[in-house]
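Reading through the structure tokens given below for one structure.
Whatever order the structure lists ligands and atoms in, that order sets their numbers, starting from 1. Positions are given from 1, in the same order as the sequence printed here.
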Amino acid sequence: MVSVDFSREYLDQWAEDRLSLPRENAEKVAALRESMSSQLNRPYNRRWWRNAVRLPVFSTDDFGIRDGVVCFGEDLSPDPGEKRVLRGALEDLKSWRKGPFSYAGIEVDAEWRSDIKWRRVMELANPDIRGCRVADVGCNNLYYMYRMLEHDPSLVIGCEPVERYFFYYYLNRKFYRDRRLAFELFGVDDLALYGPFFDLVFFMGVLYHRRHPLMALENLAAAMQPGAHLVIETAGIPGGDESCLFPGKRYMKAPGWWFLPTVKALKNMLERSGFEKVRIHEAFSMTHTEQRKTEWVDTQSLESFLDPEDPGRTVEGYPAPLRIYASAYRRL
Ligand SMILES: C[S@@+](CC[C@H](N)C(=O)[O-])C[C@H]1O[C@@H](n2cnc3c(N)ncnc32)[C@H](O)[C@@H]1O
């Protein structure tokens, strides 16, 4: 039985008009929110919240960053019962893809060292976050959104069409609430409903998972102010030509990989979807330092996806992915 109305928790974030969208956009956004919200209370989501709902609200301001770890409840000493329920709540949310996090002293070493990606993004793309209206599209468990707070945005909206990720937000808010953060159960293709709104968009780790990548980029462009900055990170393939790999049924053992561009193809895709001043910052091979199996991950990780004899190839024999970091600006 649902003891918390998660639909209400989600909608209440938006009770006060924080966006001041034009009326037509505001109505469409509100209608989509309303229909998405009803999914949160569905019984299949119980696995994500069954322990979290038993936790008290510990504090609303206990948050900090320590050596790249997003820490909640550093100043707390929960009693043994609360600590047991907290550990249960964290285990309910396995597999932890992004991190690291720490909750009242329990360290969650996620599959991805997202602190490494964040450091690269800040060094390479150097986005100016201060005072901006920011979207983190495909925000997963919100790791980067908490990192953005250090740079004083006016608003950061995390977009995730996957209900599960709302429950990480729900858990985090037992420790920390910040009016600059909000969660939207929208996918990239829904964002155009906002109209030109965002000053800065992070679109990391999503493009190659989209069946229609150009449509995704066009919808992002529609959600951005002219001149707004897009920071994009995507998987791609090596090569000096203008092509994309379109794998067969699986790539790295998963079916959700569609178009993997070379850096030149990525530049072309951006330029043909409403962006200009495209800069490819870097393309890196993935390492086992950055993506690996930990005790917080129940599935396989990078070491099982690459050919053990040739780490330059996936187990299917395709070129192993590069991670491409790029910037572009919404065309004026
Ligand atoms: C590989 S993860 C990347 C997470 C994070 N942005 C990062 O770079 O580490 C892809 C994320 O995109 C989310 N996603 C799935 N469909 C999406 C959509 N239509 N629009 C936006 N995000 C989506 C997934 O739920 C997942 O959290």
* Any salt bridge between D115 and R147, counting N to O under 4.0 Å? -> no

* To do: Using distance alone, determine whether D136 and ligand 1 share an N or O pair under 3.5 Å.
  => no

* Do me a favour and list the nearest non-hydrogen protein atom to atom 10 (C) of ligand 1 with residue, atom name and distance? => G205 O, 3.3 Å

* **Between E9 and Y169: side-chain donor-acceptor atoms closer than 3.5 Å** => no

* Where ligand 1 meets V162 - atom numbers and elements under 4.0 angstrom, heavy-atom basis -> 25 (O)

* **Contact (N/O only, under 3.5 Å) between M204 and ligand 1** => yes

* Asked: Between R97 and ligand 1, which part of the residue brings a heavy atom under 4.0 Å of the ligand: side chain, backbone, both or neither?
  -> neither

* Asked: Any idea which protein heavy atom is nearest atom 16 (N) of ligand 1, and the distance to it?
  -> P161 CG, 3.7 Å

* Asked: For atom 9 (O) of ligand 1, which protein heavy atom lies nearest, and how many Å away is it?
  -> Y144 OH, 3.1 Å

* **ligand 1 to N140 polar contact by distance, N or O atoms, under 3.5 Å** => yes

* Asked: Would you say R210 has any N or O atom under 3.5 Å from an N or O of ligand 1, going by distance alone?
  -> yes

* Interfacing atoms of ligand 1 (cut-off 4.0 Å, heavy-atom, G187) -> 18 (C), 19 (N), 20 (N)

* To do: Say whether E160, considering both its backbone and side-chain N or O atoms, lies within less than 3.5 Å of an N or O atom on ligand 1.
  => yes

* Check ligand 1 against V188 and write out every atom of the ligand that is under 4.0 Å from a heavy-atom position of the residue. => 18 (C), 19 (N), 20 (N), 21 (C)

* Could an N or O of ligand 1 be found under 3.5 Å from any N or O of H209, whether backbone or side chain? -> no

* Which protein heavy atom lies closest to atom 22 (N) of ligand 1, and at what distance to 0.1 Å? -> G138 CA, 3.4 Å

* To do: Among F202, Y146, Y143, find the residue that satisfies the ring pair (Phe, Tyr, Trp, His ring centres under 6.0 Å) test when tested with W118.
  => F202

* Numbered atoms and elements of ligand 1 in range of Y165, under 4.0 angstrom, heavy atoms -> 25 (O), 27 (O)

* To do: For the residue pair Y10 and F183, categorise the inter-ring angle as parallel (less than 30°), tilted (30 to 60°) or perpendicular (more than 60°).
  => perpendicular

* Asked: Would M215 end up clustered with L270 when hydrophobic side chains under 4.5 Å apart are linked, directly or stepwise?
  -> no

* Could you tell me how the ring of F6 sits relative to the ring of F167: parallel (under 30°), tilted (30 to 60°) or perpendicular (over 60°)? => perpendicular

* **Expected output: side-chain N141 to main-chain K98 donor-acceptor under 3.5 Å** => yes

* **Donor-acceptor pair, side chain of R210 and main chain of W257, under 3.5 angstrom** => no

* Nearest neighbour in protein (non-hydrogen) for atom 8 (O) of ligand 1 -> K117 NZ, 2.5 Å

* Hey, is ligand 1 close enough to S114 that some N/O pair sits below 3.5 Å? -> no

* Asked: Will you find, in the side chains of R113 and T294, an N or O donor that is under 3.5 Å from an N or O acceptor?
  -> no

* How about E160 and Y168: does a side-chain donor come under 3.5 Å of a side-chain acceptor? -> no

* Does a side-chain heavy-atom distance below 4.5 Å link D92 with L171? -> no

